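If you're wondering where the values come from, they're calculated on a predicted model, not measured in any experiment. Chain A is the first sequence line, chain B the second, and so forth, proteins listed ahead of strands; every chain is numbered from 1.
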Amino acid sequence: MNSLKLDENQLIENFEAKLAKNEMIEPKDWMPAQYRKHLIRQISQHAHSEIIGMQPEGNWITRAPSMRRKMVLLAKVQDEAGHGLYLYSAAESMGISREEMLDQLHTGAAKYSSIFNYPTLTWADMGAIGWLVDGAAIMNQVMLQRTSYGPYARAMVRICKEESFHQRQGYEIMNVLATGSVEQKEMAQDALNRWWWPSLMMFGPRDEESPNSEQAIKWKIKRETNDQLRQRFVNQTVSQVEKIGLVVPDKAIKWNEAKNEYDFGEINWDEFWTVVKGNGPCNKVRIANKIKSHEEGAWVREAANAHAEKNNKTKAA
Amino acid sequence: MNSQASLFQYILKIADNQLILGHRLSEQCSKGPFLEEDIACSNIALDLIGAANSLYIYAAAIEGENKTEDDLVFLRSERAFRNVLLVEQPNTDFAYIMCRQFLFDTYDYFFQLALQKSKDETLAAIAAKTIKESTYHLRHSGNWIIRLGDGTAESNTRLKAAFTNLWCYVEELFEQDAAELDLVAQGIAVDTQLIKSQFNSHIAEIMQTAGMEIPTGIFMQSGGKKGVHTEYLGFLLAEMQSVHRSFPGVKW
Amino acid sequence: MNDSQGILWEVFIQSKPGQPHKHAGSVHAHDNEMALQNARDLYCRRSEGTNLWVVPASEIVASSPEDIGSFFEPSNDKVYRHPTFYSVPEGITHM
Ligand SMILES: [Fe+2]
Ligand SMILES: [Fe+2]
C-alpha cells in the first residue's frame, strides 16, 4: 500500500479540489491537520452548547403552567440532548472520544455558547429562548447543513428537521403571554428585554474581530459570516416582535430603505467578552451542575461496564 | 358515592400515578448518568405525563363541572391527590429511580393489560395505547435492575438499599376500597388482587437474575390512595403548581 | 475500548416494512439491549421506523477512499449490464 501513498502536496491539492466541487469531506478522507483541529473544536463546542443548553430550560419543566406546555418543553429539552449526541458522534468520527470532549467541558478547556450562561427567571423566558435563542441557532444551523464535513452536515440536517417546532413553541408562548393579562404581557416584555441582546451576541464577534472566520469560510465550514447571519436574524425578527405587540429593546432599530435591511444598535461587547471569559451570571453553576451529574453517574456507568464485561466472558467461555 | 363520582376518583387514581411518577422522572432531565440514559428517562417521563393527560381529560368530562385537565393538575391540593406513595418518592440516586420505576412498571404493565378489557370503553382505549409504552418501560427498568444487581459491589449495595427502602410501598399498589370494588363488580375497574401473583412472579424472576433477594419483614405503608401522602408530595406540588397558581384564571 | 461512556454503535433504521435499512447515526451503549433501546429512544422519537439494527462501530469493515478507483470505477464501462444497452424491435413492451 505504501507505494501508492501520495505526497502531501498532492493530498492538499485533492482536498482543495473536492472543496471547490462542493464535495463533502468524509471521515476517512485525508484532510489538513488544521481543518481537523478546527472542526473538532467547533463541533464539540456545538455539542456542549446543546447539552449545557438543557439546563436553563430544564429548570422550568417541573413548573410549566399547563400540561401541554409541560409536555412540549420536556420534548424540546430532550431533543436538545439528542442534538448534543448527534454532534458528539460527528466529532467522534474525527478521532476524539466523547470522554475526552466531556473532560474538556468539565475543566473549562472547551467553551459552549455564552447564551446559556444567562439565568431563566420567569416562565416567559421559555418563550423568549425558544423564539430567539433557537431562532438564532437555526439561522446558523441551516447554513451548516451545507458545511464541508459530511458527518457534521448530516447531523445538521437531522437537527434542523427537529428544530422546526422549537422556535414555534417559543413564539407561541410569547404570543399567548403578550396578548394575555397585563402581568403576563409585562413578563413577556421583560423576557424579551433580557434575551434580545444576548441572542444577537450568539452570532459571535464582528467579522473584523473574528480571526478564524475567514479560514472557516475558505474551507467551506461556514458559508456566511457572523455579521451576515446576525443581520438576517434582526431583519426577520423585528416584525415578529411587532406582530405580538412587544417592543424591541433597541432605540436604534430602524428600517433602512436604501439598504433594504434594519439598522440596529451596537452590542455591548464588554458584556460579550465578560461572559465568554467565564464571568457571566451562570457560567459556574452550569458547569458545576454538569460535573455533579457526571460524577454521580460514575458508579452507574461502571456497573453497566462491569455487567457487559461479565456477559461477554460467559459468551466467550 | 354515586357511580359517576367513584369512576371519577378511580380515573384520578390512575392518572395521578402516571403524572407524579412522570414528574419525578422529568426532574432528572439533564441530570442522567450519561446522555443516552438521560434521553431514555425523558422519553418515559413524556409517556407517563401523556397518558396522565388523556386520563385527566376523561376525568374532567366524567366529573361534569366544566373543568379542564389543567384544573385537575394545577388546582387540586395535596389531600386530593390519589397517587400511591411509591411514585412520589424522591430521586435519591439512580438505583432508587430504577427500583421505583421497576416496581411501578411491573404493576402498571399487568394493570394496563387488564384495564384493556374494562367495560368502560374510554379507559379500555387509553389502556390499549398505554400498554405499548408500559411494555417498553418495564423492559427498560428490568434491564437496569439486572445491570445494577450484577454490575459492581457498589451498584449491588445501592440497589439493595433502594429495594429495602421502597419495598414498604408495594402493598398499597393493590389496595382497593369499597367504591373501587364496586367498579370491579361492574367490570370497569381492574381487580388488582388478580394481578398480584403475576406481579410477584415477574419481580421474583428479575430480582433473582439480578442476584437480589426480596426484602422480608417490611412493615407496609399506605395512604396515598386516600390522599394521605408522605411529606414529599407537598413540595412536588408546590413546585409544579407555582406558576399556574400565581396568575389565576389566565391562559397559558 | 469500553470507556465509561460505553462503546460506539452504528444505527440502521428500516423506515417502512419492505424498505432497506438505512444508516441513521450512532449511539453509545454498554450492551446489546441497551444499544437497541438507546437507538430507539434517539432515532425513533418521531415514528421514523419499523425495524432497527445496531452494530458495534468497531465491527464495521469499510473500504478506504483510496479504493474508489479500483473498487468502483471498473463497473463504469460495463454498460452491457444495463438494459438500455440492448435494442428491441419497435412495439415490444413488457420487457
Ligand atoms: Fe438544538
Ligand atoms: Fe432547539
Subject >> Contacting moiety of A/Arg154, where chain C heavy atoms sit under 4.5 Å >> reply: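 Interface part for A/Arg154: neither.
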Subject >> Structural part of A/Asp29 lying under 4.5 Å from a heavy atom of chain C >> reply: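 Contact with chain C: backbone and side chain both.
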Original post:
C/Arg45 side chain to C/Leu42 main-chain N or O, any donor-acceptor pair under 3.5 Å?
Top reply: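 Checking the backbone N and O of C/Leu42 against the side chain of C/Arg45, a donor-acceptor pair under 3.5 Å is found.
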Original post:
Any residues in residues 83-96 of chain A near chain C, with a heavy-atom distance under 4.5 Å, and which are they?
Top reply: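 Counting heavy atoms that sit under 4.5 Å from chain C, the residues of residues 83-96 of chain A involved are A/Leu85, A/Tyr86, A/Ser89, A/Glu92.
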Subject >> Options C/Ala62, C/Pro65, C/Gly25, ranked by heavy-atom pairs under 4.5 Å with chain A, top entry >> reply: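 Heavy-atom pairs under 4.5 Å are most numerous for C/Pro65.
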**OP:** Determine whether the side chains of A/Glu100 and A/Gln104 contain a donor N or O and an acceptor N or O closer than 3.5 Å.
**Re:**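 The criterion, which ignores hydrogens and geometry beyond distance, is not satisfied for A/Gln104 and A/Glu100.
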Original post:
Side chains of C/Asp31 and A/His307: do they bring a donor and an acceptor to under 3.5 Å?
Top reply: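 Short answer, no.
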**OP:** Answer yes or no: is there a side-chain heavy-atom contact under 4.5 Å between A/His46 and A/Glu50?
**Re:**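 Yes, their side chains come closer than 4.5 Å.
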**OP:** Kindly indicate whether the side chain of A/Leu105, heavy atoms from C-beta on, has any atom under 4.5 Å from the side chain of A/Ile52.
**Re:**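 Counting from C-beta outward, A/Leu105 and A/Ile52 do come under 4.5 Å.
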**OP:** Using a strict cut-off of less than 4.0 Å between a Lys/Arg side-chain nitrogen and an Asp/Glu carboxylate oxygen, indicate whether A/Lys220 and A/Glu23 qualify as a salt bridge.
**Re:**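 A salt bridge is absent here (no side-chain N lies under 4.0 Å from a carboxylate O).
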Original post:
Is it true that A/Lys313 and A/Glu309 make a salt bridge, defined as a side-chain N closer than 4.0 Å to a carboxylate O?
Top reply: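 No, A/Lys313 and A/Glu309 are not salt-bridged.
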